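Note that the structure is a prediction, hence the values are computed from the model and not measured. We name chains A, B, ... by the order of the sequence lines, and we start the count at 1 in each one.
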Amino acid sequence: MTTQLSALRRNLLNWFRQNKRELPWRQKRHWYTTWLSEVILQQTTVEQGLPYYHAFVERFPNVHTLAEAEEQEILHQWQGLGYYARARNLHKAARQIARQHHGRFPNDKKLALALPGIGPYTAAAILSLSYNRPYAVVDGNVTRVISRLQAIAEDIRLRSTQKIIEQHAQTLLSKKYPGAFNEAMMELGALVCTPVAPRCPVCPLSRWCLAYRQQKTDALPFKSAPPPKKRQYHWVVVYENTHRYLIRQRPEKGLLARMWEFPVWETDARQLKNTDSLSVRLSGHRISRVSGLMRHVYSHINLQYRAVLVEGSPEETPGTGTRKWVKKEEFNNYPIHKAHRHIINWLLNDQKGR
DNA sequence: AATTCGGGGGT
DNA sequence: ACCCCAGAATT
């Protein structure tokens, strides 16, 4: 049995050596760039994360530059990537590493897990990849590979199933080359053991794969359906006054925390179809333009919204947070989330307005 | 244990 | 439309 396990590891590591992608964070393997890439790649594809990684290394080449930066600048660098708590936690953790850990990432799992934004996956990834510590990573790729390898049919959304997979991962892990093994498992999931149409004929693990032997690779892993998304409907009001536009900062907590946006009025599907209700609330303002219907999909919300360009200032302060009147050129100085970036494009480019 | 956190790409 | 992606924090 032990020899089979060794053969499996050897096969996987050889495959990885010959087939791995050349990625910037794989060049030197310093903990800082490993940490940065791991956080950027949480729930994010390599292609989407790459430009952000380059920009971050350029602007924040080490933990000290990151620790000394303003959170708003880090959010600005992160804008468009989503899950902005990652950026806020990155900043918090950088300051803790600088002050409490003498500018080095703690070579200890418990201390690593105590840092903001460092969970079980990221702690194991950084410790194994940059310090060669024997912790198995379990991400979406590894979950898929192991559920097929061991023909685990239980719902991978269940914590109990995740525990079983973690145990398999820790057993499989090469204790001699934990970093390379972890990367190899993830790379296998990304390139060979894919969610749809896995490339089993070229898989280095196929001779040990129970799902392959039982022709169940298309059925595994099994994942139960997620809860349905909620629906939200917004009027987004763009106030224009002497070539300046009103924006505000979102609250400290919750969705898109501390990002900037135009004032928003929540409405319903019916009201969003016409401007009648809007004319009432905006009485006294001249409506210059109304956009077409826009949609934005969040993890748990389906948002539909329309922008309205009006002249003048609001009678009442929309929201309680910080507000600013900014010129067109100044939009780029603020971290603004994607849905409202689309409104800026509508404002600046789409002069027809539909 | 469930829910809340973005945004892009594939099928 | 639905799924997935080098997940973590909060409730």
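- A donor-acceptor pair is defined here as one N or O able to donate and one able to accept, closer than 3.5 Å; such a pair exists between the side chain of A:Gln170 and the backbone of A:Ala136.
- Between the C1' atom of B:dA2 and the NZ atom of A:Lys230 lies a distance of 11 Å, rounded to the nearest Å.
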Protein heavy-atom contacts under 4.0 Å, written 5' to 3' over nucleotides 2-11 of chain C as B (base), S (sugar-phosphate only) or - (none), form the string --SBBBSS--
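- No hydrogens or angles considered: a donor-acceptor pair under 3.5 Å links the side chains of A:Glu38 and A:Tyr121.
- When the C1' atom of B:dG8 is taken as reference, atom CZ of A:Arg295 falls 18 Å away, rounded to whole Å.
- Not one N or O on the side chain of A:Gln304 forms a donor-acceptor pair closer than 3.5 Å with the backbone of A:Tyr233.
- Within the nucleic acid shown, A:Leu81 comes within 4.0 Å of at least one base atom, counting heavy atoms only.
- Remark on DNA chain B: of its neighbouring residues A:Arg88 and A:Ser160, the 5'-side contact belongs to A:Ser160, judged by nearest-heavy-atom nucleotide.
- Within 4.0 Å of A:Leu256, counting heavy atoms only, lie sugar-phosphate atoms of the nucleic acid but no base atom.
- A:Arg289 forms a cation-pi arrangement with A:Trp346, by the criterion of a distance under 6.0 Å to the ring centre and an angle within 45° of the ring axis.
- Here A:His300 does not reach the OP1 or OP2 of B:dT3: none of its side-chain N or O atoms lies under 4.0 Å away.
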Once pairs are restricted to Watson-Crick or G-U wobble with both distances under 3.5 Å, how does DNA chain B read as a dot-bracket string, [ ] for crossings and | for other-strand pairs? |||||.|||||
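- Between A:Tyr32 and A:Phe56, the ring centre distance reaches or exceeds 6.0 Å.
- Taking atom P on both nucleotides, C:dT11 is separated from B:dG6 by 15 Å, rounded to a whole Å.
- Residue A:Gly49 is classed as having no contact, given no heavy-atom separation below 4.0 Å to the nucleic acid.
- DNA chain B is contacted by both A:His296 and A:Leu158; A:Leu158 maps to the nucleotide lying nearer its 5′ end (nearest heavy atom per residue).
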Which atom pairs, one a donor and one an acceptor, fall under 3.5 Å between side chains of residues 40-47 of chain A and the rest of the protein, sequence neighbours left out?
| unit_1 | atom_1 | unit_2 | atom_2 | d |
| --- | --- | --- | --- | --- |
| A:Gln42 | NE2 | A:Thr122 | OG1 | 3.0 |
| A:Thr44 | OG1 | A:Ile40 | O | 3.3 |
| A:Thr44 | OG1 | A:Gln42 | O | 2.9 |
| A:Thr44 | OG1 | A:Arg86 | NH1 | 3.1 |
| A:Thr45 | OG1 | A:Gln48 | N | 3.3 |

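- Between B:dT11 and C:dA6, the distance separating the two P atoms is 14 Å to the nearest Å.
- In this structure, A:Tyr52 does not reach the B:dG7 phosphate: none of its side-chain N or O atoms is under 4.0 Å from OP1 or OP2.
- As rounded to the nearest Å, C:dC5 and B:dC5 have P atoms that lie 22 Å from one another.
- Between the side chains of A:Asn241 and A:Arg244, not a single donor N or O lies within less than 3.5 Å of an accepting N or O.
- Taking atom CD of A:Gln232 as the reference point, atom C1' of B:dT4 lies 13 Å away to the nearest angstrom.
- Rounding to whole angstrom units, CG of residue A:Leu303 and C1' of B:dG6 are separated by 12 Å.
- Using cut-offs of 30° and 60° for the angle between ring planes, the A:Tyr131 and A:Phe105 rings count as tilted.
- One atom, CD of A:Gln77, and another, C1' of B:dG6, lie 18 Å apart when rounded to the nearest Å.
- In this structure, A:Lys338 reaches the B:dG8 phosphate: one of its side-chain N or O atoms is under 4.0 Å from OP1 or OP2.
- Side chain of A:Thr34 to backbone of A:Arg29: no donor-acceptor contact under 3.5 angstrom is found.
- Classification of the A:Phe331-A:Tyr245 ring pair by plane angle, with boundaries at 30° and 60°, yields tilted.
- The CD1 atom of A:Ile40 sits 15 Å away from the C1' atom of B:dG6 (whole-angstrom rounding).
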